[in-house]
Novice: 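Structure below; questions to follow.
Every heavy atom of this structure was used, including side-chain atoms; hydrogens, water molecules and symmetry mates were not. Start at 1 and go down the list; that is how both ligands and their atoms are numbered.
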Amino acid sequence: MEGPAWIQAAELKRRSNYSPVICFETGDPKRLWQLKDFLCERGEVLVYDPWMGLGRLDAGRQFQAIKRSSEGTALERTFATGEGGEVRHLKSALREVDSILKERRVSLVIQNLHENREWETGLCSALRAWAIDPAVITTGSSVYLVTPDVTSLLDPATRDLVVIIPVDPSADWERRTTIIDLARELELDVTDRVASLVAATSGLNLHQLESVLLEAYYRSGTFDLTDIKILKSELVKQSGVLEVKDPVYTFADIGGYDAVKSFIRRYIVNVLREPERARSFGVPLPRGVLFFGPPGTGKSLFAHALASEVNLPFINLLTENIYSKWLGESGHRMRDALRLVDKMSPAVVFIDEIDRFGKRGRVGDSAGEETSRVFSQFLEWLGRPERESIIVGTTNVPSLLDEAFLRAGRLDYKIPFLYPGPQARLSILRVHLGLVEGARTPRPPLEGDLEEVLVQEVVPGTAGFSGAELAELVTRARRIAFDRRARAVAAVHLLEAVGTFRVDRAERARAVQRYMAQARKFTDDAQFLRELGDELEGEDGGL
Ligand code: ATP
């Protein structure tokens, strides 16, 4: 029996005598069974589990508790003789197996450990001793530690002496096999859907996959793709750090911003749609983009639309949670999250307020150290050439951004988002009134043709408004019409809604100057800047 790739990788290391102690990083119970199946084929397998104590696996892979023998050398010991008590504690278990590992070839699997109280258990000392013990090496014994987080169990000195193998949650072929086998068991015909199911469940481990499939089956009697995507997002969300969404907005939902749209189409969308052709022309694949500008100017909306234009999943990396909720274990959270992102990629990864990463690292306090560790982990990941995700970071304060983000290969393009000019405002209002073909906003009943009032009065009256404010303006007009029991939304309702806003135009004009100055620092694409300026300033001379 060859075993899956991750076991083979371990075997190779073991055969080269690098170390007889191997740590598999996984939390998937299915992987544990795969390992035990593999080891049982080869010979004697001992297992330590904090709940069940020390035991051995019998021919049927069942756990049989080992009783401590009262006397005699380990060689003479016979297990399960009933001579002594069961070996429950890790420390006793390690002592008990120590001589066995050196005397005959056995595999010891240590599972389900969630914390390491070294002073009580001696786990690290035992592993370090075995890792370099010639007797253990020559008998061919091996010790396998299976845990989702090696770093929290083993100190750096121990980690240096053992083999650490991160185990993939699942490979495409494994998910395909699981899906087909389970469908067969449940007598479902999913032949036409297998490929989409395999794609939609990337990033899940085999245990999660099975539970998601079963839950979908109990909900609707089949493996419904939409249900499965929802269940997967719920699972991923439990990590507290990631959110997966199927992007719903497209460029049709975005009014105006033609210069930005065409920039994104040219440099990102078109390249991602034909990556092979782009490669053959030596056109680089986009890896990251920064959207910066004042609040409510459509940065998140553009990120969603970008994901749907290239037909990729949209992953939201909730940086706020990484820092606030799990201080002390953020490094581990971050690493797991990034690994999961890699598994689900290619995808668009959205990082709102990416400047949070850069500004918290205060030297001297432990929170600051933790933050800078997470930050460097993140930067290292951003710079990895094999990363297949496209990062969309946003910020309102680009000046706070760490220089390191802006280096090549991380956030390649920096696009300013400013307050919309008259033409763009008209388009945004039309989107939110449901007047644009293909946009998602439903059209309310409208009184007559509102085009004229929009062009003549609403657009001039809203200079300096953000897209979010224009959307809110339409919502207010709808509400006014509804409250008045009007038959439809009319010009008066829109005009009344305009009057409910208070916008400091002078302040906004200053903000635009600041962001434009920043844009000039970031890019030397003069044509893009000109187009952007035209769209922003338009006829009413800016603000
Ligand atoms: P923040 O910096 O506060 O996160 P943001 O720039 O990401 O803001 P969004 O969240 O994308 O802004 O915009 C908020 C809402 O404003 C959108 O959901 C949308 O309804 C509306 N909006 C903004 N810009 C546009 C636009 N160009 N076309 C249509 N709607 C827009």
Side-chain angles (χ1 to χ4, degrees), residues 243 245 247-265 289-309 314 316-320 348-357 391-401 411 414-444 454 458-459 462-479 494 497 501 503 507-508 511-512 514-515 518-519 531-532 534-536 538:
E243 228 175 26
K245 289 190 182 146
V248 285
Y249 297 109
T250 65
F251 278 174
D253 295 288
I254 302 178
Y257 289 76
D258 293 332
V260 177
K261 279 182 193 162
S262 90
F263 185 95
I264 291 181
R265 276 216 182 88
V289 50
L290 176 73
F291 293 167
F292 66 95
T297 44
K299 299 182 289 299
S300 327
L301 190 62
F302 255 95
H304 274 270
L306 167 60
S308 36
E309 295 288 328
F314 181 89
N316 197 356
L317 186 69
L318 306 164
T319 41
E320 176 57 16
V348 169
V349 180
F350 179 65
I351 310 175
D352 207 9
E353 298 186 48
I354 197 166
D355 47 280
R356 274 176 194 285
F357 271 112
I391 310 296
V392 180
T394 75
T395 178
N396 302 143
V397 272
S399 51
L400 279 186
L401 218 59
L411 300 174
K414 294 109 194 160
I415 305 181
F417 279 69
L418 301 162
Y419 298 110
Q423 206 49 47
R425 291 202 296 282
L426 179 62
S427 308
I428 297 173
L429 290 162
R430 297 183 83 247
V431 165
H432 288 278
L433 282 165
L435 293 171
V436 172
E437 200 63 36
R440 286 175 58 90
T441 319
R443 181 184 307 185
L454 289 178
V458 183
V459 166
T462 51
F465 278 42
S466 68
E469 284 159 342
L470 294 168
E472 173 61 21
L473 184 155
V474 174
T475 309
R476 287 189 194 175
R478 286 168 188 255
R479 179 166 292 284
L494 285 166
F501 282 85
V503 165
E507 166 48 33
R508 293 204 173 175
V512 167
R514 283 199 304 275
Y515 285 114
Q518 187 73 52
E531 284 172 10
L532 204 70
D534 288 348
E535 217 185 345
L536 169 81

Novice: Quick check on Thr394 - does any of its heavy atoms sit under 4.0 Å from an atom of ligand 1?
Specialist: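 No, Thr394 has no heavy atom closer than 4.0 Å to ligand 1.
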
Novice: What pair of heavy atoms forms the shortest contact from Leu532 to Ala259, and how long is it?
Specialist: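 Closest heavy-atom pair between Leu532 and Ala259: N-CB, 4.0 Å.
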
Novice: Quick one: pull up CZ in Phe501 and CD in Glu472 and give me the separation to the nearest 0.5 Å.
Specialist: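 Interatomic distance, Phe501 CZ to Glu472 CD, rounded to 0.5 Å: 5.0 Å.
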
Novice: Examine the proximity of ligand 1 to Asn396 and report which part, side chain or backbone, both or neither, has a heavy atom under 4.0 Å away.
Specialist: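 Asn396 to ligand 1: side-chain contact only, backbone stays beyond 4.0 Å.
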
Novice: What protein heavy atom sits nearest atom 10 (O) of ligand 1, and how far away is it?
Specialist: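 Answer for atom 10 (O) of ligand 1: Ser300 OG, 3.4 Å.
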
Novice: Nearest heavy atom to atom 18 (O) of ligand 1: which of Leu301, Val436, Val260, Val474 does it belong to?
Specialist: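 Result: the heavy atom closest to atom 18 (O) of ligand 1 is in Leu301.
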
Novice: Measure the distance from atom 30 (N) of ligand 1 to every protein heavy atom, then report the residue, atom name and distance (to 0.1 Å) of the closest one.
Specialist: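 Going by distance alone, atom 30 (N) of ligand 1 is nearest to His432 NE2, 2.8 Å.
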
Novice: Counting non-hydrogen protein atoms only, what is the nearest one to atom 16 (O) of ligand 1? Give residue, atom name and distance.
Specialist: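 Result for atom 16 (O) of ligand 1: Ala468 CA, 3.1 Å.
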
Novice: Look at atom 2 (O) of ligand 1 and say which protein heavy atom is nearest, naming residue and atom and giving the distance to 0.1 Å.
Specialist: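 Nearest neighbour among protein heavy atoms for atom 2 (O) of ligand 1, to 0.1 Å: Lys299 NZ, 3.0 Å.
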
Novice: Is Leu470 near ligand 1, meaning one of its heavy atoms is under 4.0 Å from it?
Specialist: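 Leu470: no contact with ligand 1 (<4.0 Å).
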
Novice: What do you reckon, does Phe417 put a non-hydrogen atom under 4.0 Å from ligand 1?
Specialist: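 No, Phe417 has no heavy atoms under 4.0 Å from ligand 1.
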
Novice: Under 4.0 Å from a heavy atom of Tyr257: give me the atoms of ligand 1 that qualify, with their elements.
Specialist: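 Every atom of ligand 1 under 4.0 Å from some heavy atom of Tyr257: 27 (N).
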
Novice: Is ligand 1 under 4.0 Å from a heavy atom in the side chain of Phe302, in the backbone, in both, or in neither?
Specialist: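 For Phe302, there is no contact with ligand 1 at all, from either part.
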
Novice: Does the side-chain contact (heavy atoms from CB on, under 4.5 Å) test come out yes or no for Ile415 and Phe292, once each step is laid out?
Specialist: CA-CA 6 Å; Ile415 305 181; Phe292 66 95; 5.8 Å; no

Novice: Check this for me: Tyr249, atom OH, are more than 12 non-hydrogen atoms of other residues, nucleotides or ligands nearer than 6.0 Å?
Specialist: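 Counting other residues, nucleotides and ligands, OH of Tyr249 stays at 12 neighbours or fewer.
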
Novice: Name the closest protein heavy atom to atom 28 (N) of ligand 1, giving the residue it belongs to and the distance to 0.1 Å.
Specialist: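 I find the closest protein heavy atom is Gly255 N, 2.9 Å.
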
Novice: Considering only non-hydrogen protein atoms, determine which one is nearest to atom 1 (P) of ligand 1 and report residue, atom name and distance to 0.1 Å.
Specialist: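 In this structure, atom 1 (P) of ligand 1 has Gly296 N, 3.7 Å as its nearest protein heavy atom.
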
Novice: How many angstroms lie between atom CZ of Arg425 and atom CG of Leu473, to the nearest 0.5 angstrom?
Specialist: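 Taking CZ in Arg425 and CG in Leu473, the distance rounds to 11.0 Å.
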
Novice: Please report the shortest heavy-atom distance between Gln518 and Pro398, naming the atom on each side.
Specialist: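 Minimum heavy-atom contact is CG-CG, 3.6 Å.
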
Novice: Closest approach of Asp355 and Asn396, non-hydrogen atoms and distance?
Specialist: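 Where Asp355 meets Asn396 most closely, the heavy atoms are OD1-N, 4.3 Å.
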
Novice: Tell me: protein heavy atom nearest atom 12 (O) of ligand 1, and distance?
Specialist: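 The closest heavy atom on the protein side is Gly298 N, 3.2 Å.
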
Novice: Quick one: are the ring centres of Tyr419 and Phe465 less than 6.0 Å apart?
Specialist: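 They do not qualify: ring centres at least 6.0 Å apart.
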
Novice: Should Asp352 and Leu317 be marked as a side-chain contact (heavy atoms from CB on, under 4.5 Å) after you check the CA-CA gap, both sets of side-chain angles, and the distance that decides it?
Specialist: CA-CA 8 Å; Asp352 207 9; Leu317 186 69; over 6 Å; no

Novice: Which atoms from ligand 1 have a heavy atom of Asp253 less than 4.0 Å away?
Specialist: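 Near Asp253, meaning under 4.0 Å from one of its heavy atoms, ligand 1 has 28 (N), 29 (C).
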
Novice: Salt bridge between Arg508 and Glu469, side-chain N to carboxylate O under 4.0 Å?
Specialist: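 Yes, Arg508 and Glu469 are salt-bridged.
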
